> 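Next up is a structure, given as structure tokens.
As the structure lists them, so they are numbered: ligands from 1, and atoms in each ligand from 1. Predicted model only: the values in this text are computed from it and were never measured. Excluded from the calculations below are hydrogen atoms, water molecules and symmetry mates; all remaining heavy atoms, backbone and side chain alike, are included.
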Amino acid sequence: MPNPSEQSSCLVLENFIGGKFVPCRTHIDSYDPSVGEVYCRVPDSGAPEVEAAVAAAKEAFPGWSARSPEQRAQVLNKLADLLDANVEEFAQAESRDQGKTVTFARTVDIPRSAYNFRFFASSLLHHTNDCSQTDHMGCLHYTIRCPVGVAGLISPWNLPLYLLTWKIAPAIAAGNTVVAKPSEMTSVTAWMMCKLMQQAGVPPGVVNIVFGTGSKAGDALVGHPDVPLVSFTGSTATAQCITERSAPYCKKLSLELGGKNPAIIFADADLDQCIETTVRSSFSNQGEICLCTSRIYVEGSIYSEFLERFVAAAKKWKTGAPSDPGNDNGALISKEHLEKVRSFVALAKSEGGTVHCGEGVDQLHLPERNAKGYFMPATVISGISDSSSVMQEEIFGPVTCVSPFDSEEEAVSKGNGVRYGLAATVWSQDVGKVHRMARKIQAGLVWTNCWLVRDLNLPFGGMKNSGVGREGGKDSYHFFTEVKTVTVKH
Ligand code: NAD
């Protein structure tokens, strides 16, 4: 397998259609964010490439959906084994393509990608359907579930392979065939995985990957009449386009979108554990995780102590060359994104906020090779009004804002005072309080006294502008199958 991290010449990717690599006539530049240079060229696919991929997926559907769940599970497990066996190459490639640290890719992205296949291979074998009797009518009713057909899968750049496999695995486990479109900014590991698909014995056409932009390749996929369902992870703005584009076809949609996630910290929290975790939840993966904390509300009586200790801990969060194991963060995805994140810090300053550390306060000491990379240190801001865009809009970078509250009611109202509702963390040792908060907070995921601890069996997804639908063991199975009610008169 080629190792993109070691190639000096420009890497040129090809689409994967019908089990074969297919060259594309035109390409888009893809940057190495840690050095700010083009290192890869990604197919600039459009309607013809999507058409070919959908045709291949349609052709493969009858054979793949007719396989037993055990036969499909075998293929998924083989893919998981191959990813596990190639963790290092994939981690290096993900880091170079996305800007994240190699350590993060090696310990989070790639192991979780392998686990996605392993999890859904197993989960698939354990679903049961409903049955009900209406003896007085002489009838028995039961449900059956059938794969839907060709699934369109669209994923973002922040956790490239992790989120792509989170869709491919349940879709094909349930017997669908897929056309996937990764982010044009982070396509390399998806392309590398296509080779593993061949080795794992994924039949041609079961997984097709078309690379390109959202406005061309993504749009053609969402608007294709033979793709009855679309699973999308990305921004709320794109989800609105996808919803409108797919509406004439009444497609089944799963939308996993942005967040503006609060941490609510009560005075009785275990502050040592809370500060360590809240630094991680604010800044991990450069703050480029939809679940990252970006608003920290702290009970008034501990506000000053928290802020002082939190800033001290944030200052220790190291940013620099992604290959250096001593660094916690690497580079942001692009120059444009870095500028956008910086603009929120500038706005906070212009509105009278205090920047305690990070952008404009702390100097980054980068190796010469990374001087043009898109780096930004962990930044903590306070003194911003809840109505400011800084507190309302998703920043998606290493920036978090701290603000005080005085009562449980106020904490709920502040926590819920945005259009998003993806995730929240609540810190308190009072079990009654955390249960009350979990009920009142508008978020699809509420972590109490922890963050990012996941059981893939349980639903994942957001409310309000953070999404529609849920994914996870049973939820993904339900999304990727069509349920039918059958009635038998006896
Ligand atoms: P984005 O919406 O710009 O792009 C996501 C994907 O959609 C990309 O593959 C892109 O090419 C494609 N796309 C763009 N326009 C399209 C169109 N008109 N039709 C079809 N496809 C189109 O998002 P991004 O910047 O890549 O990712 C960051 C966003 O993703 C953040 O808002 C983040 O919160 C969100 N996100 C959400 C979750 C979640 O599970 N809720 C997880 C990760 C990221």
> Is there a polar contact, in the sense of an N or O pair closer than 3.5 Å, between F396 and ligand 1?
no
> What residue and heavy atom of the protein are closest to atom 40 (O) of ligand 1, and at what distance?
F460 CE2, 3.2 Å
> Run the side-chain hydrogen bond (donor to acceptor under 3.5 Å, both in side chains) test on D97 and Y31 for me, step by step, so that the C-alpha distance in whole Å, both residues' side-chain angles and the decisive distance to 0.1 Å come before the verdict.
CA-CA 7 Å; D97 209 21; Y31 286 75; over 6 Å; no
> What residue and atom, counting heavy atoms only, is the protein's closest point to atom 23 (O) of ligand 1, and at what distance?
S235 N, 3.4 Å
> Check whether any heavy atom of S155 sits under 4.0 Å from an atom of ligand 1.
yes
> According to the interplanar angle, ranging from 0 to 90°, do the rings of F119 and Y115 count as parallel (below 30°), tilted (30 to 60°) or perpendicular (above 60°)?
tilted
> Counting non-hydrogen protein atoms only, what is the nearest one to atom 41 (N) of ligand 1? Give residue, atom name and distance.
L257 O, 2.7 Å
> I'd like the name of whichever of K181, K260, E394, R245 reaches closest to atom 32 (O) of ligand 1 through any heavy atom.
E394
> Taking non-hydrogen atoms only, is T233 closer than 4.0 angstrom to ligand 1 via side chain, backbone, both or neither?
both
> Taking non-hydrogen atoms only, is I289 closer than 4.0 angstrom to ligand 1 via side chain, backbone, both or neither?
neither
> Under 3.5 Å between some N or O of ligand 1 and some N or O of N158?
no
> Counting heavy atoms only, which of G214, A423, G234, S334 comes nearest to atom 19 (N) of ligand 1?
G214
> Suppose I only count heavy atoms of P182 and a 4.0 Å limit; which atoms of ligand 1 are within that range?
9 (O)
> What protein heavy atom sits nearest atom 27 (O) of ligand 1, and how far off is it?
P156 CB, 3.3 Å
> Between L163 and ligand 1, find which residue part has any heavy-atom pair under 4.0 Å and reply side chain, backbone, both or neither.
side chain
> Going by an N to O cut-off under 4.0 Å, is there a salt bridge joining R470 and E256?
no
> Looking only at distance, does S215 have an N or O less than 3.5 Å from an N or O of ligand 1?
no
> Looking only at protein heavy atoms, which one is nearest to atom 12 (C) of ligand 1, and how far off is it?
I154 CG2, 3.6 Å
> Say whether T233 and K167, considering side chains only, have a donor N or O and an acceptor N or O under 3.5 Å apart.
yes
> Just which atoms of ligand 1 are under 4.0 Å from any heavy atom in G258?
32 (O), 34 (O)
> So, are E37 and K372 salt-bridged, with charged N and O less than 4.0 Å apart?
no
> Is it true that the NZ or CZ of R280 lies under 6.0 Å from the centre of W317's six-membered ring and within 45 degrees of the ring axis?
no
> Starting from atom 38 (C) of ligand 1, locate the nearest protein heavy atom and write down its residue, its atom name and how far away it is, to 0.1 Å.
C290 SG, 3.0 Å
> Starting from atom 4 (O) of ligand 1, find the nearest protein heavy-atom neighbour and note its residue, name and distance.
T238 OG1, 4.4 Å
> Can you tell me which portion of A217 lies within the under-4.0 Å heavy-atom range of ligand 1? Options are side chain, backbone, both, or neither.
neither
> Counting from 1, what ligand 1 atoms have a heavy atom of E184 closer than 4.0 Å?
10 (C), 11 (O)
> Looking just at side-chain N and O atoms, do T186 and Q98 make a donor-acceptor pair shorter than 3.5 Å?
no
> Has A239 got any heavy atom lying under 4.0 angstrom from an atom of ligand 1?
no
> What protein heavy atom sits nearest atom 20 (C) of ligand 1, and how far away is it?
G218 C, 3.3 Å
> Hey, what's the ring geometry for W157 with F396, parallel, tilted or perpendicular (30° and 60° as the breaks)?
perpendicular
> In terms of side-chain geometry, is the basic nitrogen of E339 or K335 positioned less than 4.0 Å from the acidic oxygen of its partner?
yes
> Establish, for the pair K195 and F16, whether the NZ or CZ atom is under 6.0 angstrom from the six-membered ring centre and no further than 45 degrees off its axis.
no
> Regarding D32 and R96, does a basic nitrogen lie under 4.0 Å from an acidic carboxylate oxygen?
yes
> Is it true that the NZ or CZ of K100 lies under 6.0 Å from the centre of F104's six-membered ring and within 45 degrees of the ring axis?
no
> Any N or O of W157 that comes nearer than 3.5 Å to an N or O of ligand 1?
yes
> Using a strict 4.0 Å threshold on nitrogen-to-oxygen distance, state whether R118 and D84 make a salt bridge.
yes
> Does the plane of the ring in W166 sit parallel, tilted or perpendicular to the ring in F120? Use 30° and 60° as the thresholds.
tilted
